[in-house]
There are 2 protein chains.
Amino acid sequence: MITGLTGNAGHGSRINLVRKRPSSIDVARLAEVSQATVSYVLSNRTDKVISEVTRSKVLAAAEKLSYMPNRLADGILRGKTLTVGVLMPDFGHSFNSKILIGLESEFADAGYSILIAHNRNEPELERHQVRMLMEHRVAGIIAVGDEATIAELPAWVEQAIKLDVDVCVVDDSSLDGIVDTVVSDDIAGANLAVGHLISQGHERIAFLGGSELTTTSRDRRIGYEQALQRHGIDVDPALQLGHHYRTDVDPDLSPLIVGPHRATAVFGVSDGLVGQAMMRLESEGIYRRDILAFVGYGNLEFSRYLWLTTIEQHPIEMGRRAASRMIARLSGKVSDPVTDRVPPELVVRRSSFPAKEF
Amino acid sequence: MITGLTGNAGHGSRINLVRKRPSSIDVARLAEVSQATVSYVLSNRTDKVISEVTRSKVLAAAEKLSYMPNRLADGILRGKTLTVGVLMPDFGHSFNSKILIGLESEFADAGYSILIAHNRNEPELERHQVRMLMEHRVAGIIAVGDEATIAELPAWVEQAIKLDVDVCVVDDSSLDGIVDTVVSDDIAGANLAVGHLISQGHERIAFLGGSELTTTSRDRRIGYEQALQRHGIDVDPALQLGHHYRTDVDPDLSPLIVGPHRATAVFGVSDGLVGQAMMRLESEGIYRRDILAFVGYGNLEFSRYLWLTTIEQHPIEMGRRAASRMIARLSGKVSDPVTDRVPPELVVRRSSFPAKEF
DNA sequence: ATGAAAGCGCTAACAA
DNA sequence: TTGTTAGCGCTTTCAT
């Protein structure tokens with residue numbers, strides 16, 4: 001089982017069977033200084049004055065041994081590490097992956113590492129994962145919003161705060177005011193989308209909605225209604241379709257084309273839903289992208305292949321903001337919990353052509 | 001700066017300003033046993049016999065204090081942690097995210113945590129990240145293949161092995177035979193794709209290629225040529241297009257439709273490239289998806305919206321296999337480095353219709 | 001069946 | 001300017 005049996009040159013009385021990595025003691029011995037001096041030099045402390053000779057002796061010794069400090073020791077001393085935990089529902093969704101990109105880049109630049117925890121939408125697993133993060137002594141936890149585990153949040157967040165672990169929630173505003181929160185402004189986004197359709201001359205605009213378990217779909221419906229009302233257009237309940245916020249549902253839009261409730265445009269709460277609906281129309285032979293205008297939400301990768309006008313939420317930026325807020329807190333800046341609503345942006349493509357009557 | 005100033009009930013001589021988490025010593029005191037006993041109980045050791053009374057006393061005390069073991073201490077003792085590092089070029093690509101999903105699920109089940117390191121395609125950063133992982137005393141490193149940093153691999157891999165850190169490379173076979181490797185079988189995949197087109201009656205099949213910096217694009221070209229030759233079809237260099245393996249390139253396929261080098265089908269080395277090409281045709285008004293058949297590669301999210309026939313690489317499975325191989329190694333199973341070629345799968349959609357002459 | 005003590009790698013306080 | 005010492009939270013001999 002033991003492969004490299006090199007009893008490392010006598011500094012311990014017992015023979016070590018596993019290769020031990022050089023410690024700061026080894027560096028100290030080689031440089032002929034004390035362990036404390038090594039620590040002073042290697043952490044470039046400005047408050048300690050070190051002579052140039054010792055400094056270079058230490059540096060040379062560290063180099064020779066290819067010494068790498070053990071972050072665990074540091075963490076044990078300080079009670080916490082330079083590590084943050086990221087609790088993810090599902091990085092299969094590019095929206096979440098992009099949040100992660102933003103988080104990572106900010107944290108990496110600030111010297112923090114990221115421990116990931118994937119809850120797979122299972123509340124049970126989430127509790128496990130949070131515990132794991134705590135045992136790792138992470139300095140903070142970033143929680144990415146998710147329908148399934150949203151109910152678990154309050155319980156562990158309270159505990160985390162009690163244990164001096166900072167928390168920031170991204171893409172969910174249910175803990176708004178209690179912890180730092182970064183969300184996309186869904187009401188504004190829906191206003192952009194529907195306002196755009198109205199400016200194109202559309203008045204019969206259908207709404208393709210989803211589950212309102214999270215605030216996402218609800219807020220987008222609110223924005224939809226706001227935009228209509230702002231332009232003096234009545235909200236017609238017959239034009240509100242869809243019940244689930246899942247891409248595996250097949251919303252049937254044919255009534256909008258042939259039925260008594262004709263529409264000239266559709267605003268959907270997610271690109272997935274809209275894409276699905278377009279596919280269905282196309283599949284049924286009533287491929288009429290030229291008579292029904294579409295605006296989706298989320299600017300997913302596939303949307304440009306459908307020439308789909310949509311709303312960009314800037315998830316990378318959301319991640320960045322969440323990270324930098326946490327970094328601020330971790331570096332001692334205290335403030336009341338802040339909620340940051342990232343403004344979305346309209347991305348115009350061919351699917352939102354002007355109404356024919358125009 | 002210090003918020004919760006609770007000098008925790010006298011067990012230290014100095015007043016602690018920051019709230020300290022309960023340690024195993026605290027549990028021991030409360031349970032009126034020794035620290036060692038606490039350790040025995042909480043790690044459920046089978047080799048130590050503990051009376052039922054002490055066991056429950058300890059458990060109760062731990063519960064009361066909501067004690068959470070400090071993994072750092074454990075790690076410092078054992079020289080390594082129950083953590084593995086994952087080195088990613090870019091989790092903006094869903095292929096990579098999916099690998100991560102597979103990795104995570106296997107590792108989580110085995111009790112390992114994941115520390116992520118994003119090299120952003122920068123070799124310089126990669127060195128930094130590897131160092132960071134080493135300092136964290138990860139037990140192993142999973143490297144996900146990438147053109148830009150591929151050249152860095154040998155250097156740090158050698159060092160890692162020397163430091164007793166296991167390595168497994170996913171989606172790159174350049175270290176084939178030196179470390180465990182998990183890749184997708186690109187030659188087989190291209191054979192599937194082109195074989196399918198041939199079985200549909202196509203003979204004039206164009207190849208849309210990419211940069212051959214990694215083996216990916218080259219292997220897919222080899223598979224393309226193999227399939228043609230296997231069916232007695234000559235390889236026509238005039239039908240090989242494209243130079244870059246990037247989705248921001250606009251391959252012009254119009255010569256295949258109108259020029260002297262007509263083709264009836266196209267096999268592209270990535271769905272992105274093919275999607276781009278289809279978009280361009282559509283954009284130029286020569287939207288003739290019905291006269292040119294397409295097969296892509298990768299089965300990206302958007303592909304189904306283009307009804308694109310493609311090759312599924314099973315990235316989640318690739319991640320799973322990489323993780324379980326590493327777990328095996330970490331639990332002491334030794335063997336020579338293994339290369340695992342995950343078989344790809346053909347996904348047939350409308351874009352690969354039969355040749356008209358058929 | 002349990003405990004005392006040493007020690008992992010490091011930094012902070014205090015001495016020299 | 002540098003060194004000595006203690007101690008972070010834990011597991012592991014070795015005693016009892």
Side-chain angles (χ1 to χ4, degrees), chain A residues 8 11-29 31-58 62 65 67-82 134-137, chain B residues 8 11-29 31-58 62 65 67-82 134-137:
Chain A
N8 56 356
H11 81 272
S13 54
R14 208 157 18 108
I15 293 165
N16 288 319
L17 290 183
V18 291
R19 203 166 10 223
K20 196 182 71 73
R21 303 208 196 169
S23 72
S24 68
I25 285 205
D26 299 320
V27 177
R29 257 193 274 273
E32 295 174 301
V33 296
S34 80
Q35 199 186 3
T37 307
V38 172
S39 175
Y40 298 149
V41 172
L42 294 183
S43 45
N44 315 298
R45 295 184 38 163
T46 46
D47 57 331
K48 295 284 172 184
V49 196
I50 304 287
S51 76
E52 263 318 310
V53 257
T54 30
R55 154 165 274 107
S56 53
K57 271 198 301 182
V58 170
L65 298 173
Y67 166 75
M68 298 186 183
N70 187 333
R71 295 204 184 200
L72 304 175
D74 188 277
I76 229 173
L77 240 24
R78 312 160 20 99
K80 58 171 64 169
T81 56
L82 286 174
M134 298 294 198
E135 293 183 1
H136 271 288
R137 297 305 191 262
Chain B
N8 54 356
H11 81 271
S13 54
R14 206 157 22 106
I15 294 166
N16 288 318
L17 290 183
V18 291
R19 203 167 8 223
K20 196 183 71 72
R21 303 208 196 167
S23 73
S24 67
I25 285 205
D26 299 320
V27 177
R29 258 193 273 272
E32 294 174 300
V33 295
S34 80
Q35 198 186 5
T37 306
V38 172
S39 174
Y40 297 150
V41 172
L42 295 183
S43 45
N44 316 297
R45 295 184 38 160
T46 45
D47 56 331
K48 295 285 172 184
V49 196
I50 305 287
S51 76
E52 263 317 310
V53 258
T54 27
R55 155 165 273 108
S56 53
K57 270 198 302 184
V58 170
L65 297 173
Y67 166 75
M68 297 188 185
N70 187 332
R71 296 202 183 201
L72 304 175
D74 189 276
I76 227 174
L77 242 23
R78 312 161 20 99
K80 58 172 62 170
T81 55
L82 286 174
M134 299 292 198
E135 294 183 2
H136 272 288
R137 297 304 191 262

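Throughout, protein chains are lettered first and strands after them, A, B, ... in sequence-line order, and every chain is numbered starting at 1.
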Asks: B:D47: which residues meet the side-chain hydrogen bond (donor to acceptor under 3.5 Å, both in side chains) condition with it, sequence neighbours left out?
Replies: B:R45
Asks: Output the rounded distance in Å from CG (A:L77) to C1' (C:dA13).
Replies: 12 Å
Asks: List in chain and number order the residues that pass side-chain hydrogen bond (donor to acceptor under 3.5 Å, both in side chains) with B:S51, two or more places apart in sequence or in another chain; answer none if no residue qualifies.
Replies: B:T54
Asks: Would a 4.5 Å heavy-atom cut-off, applied to side chains only, mark A:D26 and A:K20 as touching?
Replies: yes
Asks: To the nearest angstrom, how far is B:H136 atom NE2 from C:dC10 atom P?
Replies: 14 Å
Asks: Looking at CG of A:D74 and NZ of A:K80, how far apart are the two atoms once the value is rounded to the nearest 0.5 Å?
Replies: 12.5 Å
Asks: Which residues pass the salt bridge (Lys or Arg N to Asp or Glu O under 4.0 Å) test with B:E135, sequence neighbours left out?
Replies: A:R71, B:R131
Asks: Quick check on contacts: within residues 36-44 of chain A, what sits under 4.0 Å from DNA chain D by heavy-atom distance?
Replies: A:A36, A:T37, A:Y40
Asks: Quantified as the angle between the terminal helix axes (five pairs each), what is the overall bend of the helix from C:dA1-D:dT16 to C:dA16-D:dT1 to 10 degrees?
Replies: 40°
Asks: Can you check the A:L72 CG to D:dT11 C1' distance for me, whole Å?
Replies: 15 Å
Asks: Got a sec, which residues hit side-chain hydrogen bond (donor to acceptor under 3.5 Å, both in side chains) with A:K57, two or more places apart in sequence or on another chain?
Replies: none
Asks: Rounded to the Å, how far apart are B:I25 CD1 and C:dG7 P?
Replies: 17 Å
Asks: Determine: side-chain N/O of B:R55 to OP1/OP2 of C:dA1, distance under 4.0 Å, yes or no.
Replies: no
Asks: Would you mind telling me which residue lines up with the more 5' stretch of DNA chain D, B:K48 or B:M68, judged by nearest nucleotide?
Replies: B:M68
Asks: Looking only at side-chain N and O atoms, does A:T54 come under 4.0 Å of OP1 or OP2 in D:dT1?
Replies: no
Asks: What is the distance, to the nearest angstrom, from the NZ atom on B:K80 to the P atom on D:dT11?
Replies: 18 Å
Asks: Map B:E52 and A:A73 onto DNA chain C by nearest heavy atom, then report which one ends up closer to the 5' terminus.
Replies: B:E52
Asks: Distance check needed: C:dT2 C1' versus B:R45 CZ, whole Å only.
Replies: 13 Å
Asks: Roughly how far, to the nearest 0.5 Å, is the OG1 atom of A:T37 from the CZ atom of A:R55?
Replies: 11.5 Å
Asks: Would you please name every residue forming a salt bridge (Lys or Arg N to Asp or Glu O under 4.0 Å) with B:R137, sequence neighbours left out?
Replies: none
Asks: Could I get the full list of side chain to side chain contact (heavy atoms under 4.5 Å, CB included) partners for A:L77, not counting sequence neighbours?
Replies: none
Asks: Is the shortest side-chain N/O distance from B:S23 to OP1 or OP2 of D:dC8 below 4.0 Å?
Replies: no
Asks: Using a cut-off of 4.0 Å on non-hydrogen atoms, how would the nucleic acid contact of B:I50 be classed: base, sugar-phosphate, or nothing?
Replies: sugar-phosphate
Asks: Working to the nearest 0.5 angstrom, can you tell me the gap between A:Q35 CD and A:S23 OG?
Replies: 6.5 Å
Asks: How many Å lie between CZ on A:R29 and C1' on C:dC10, as a whole number?
Replies: 14 Å
Asks: Between C:dT11, C:dG9, D:dT11, which nucleotide has the shortest distance from any of its atoms to the side chain of B:I76?
Replies: C:dG9
Asks: Expressed in angstrom and rounded to an integer, what is the separation of A:D74 atom CG from D:dG7 atom P?
Replies: 19 Å
Asks: With a 4.0 Å cutoff (strictly under), does any side-chain N or O of B:R137 reach OP1 or OP2 of C:dC8?
Replies: no
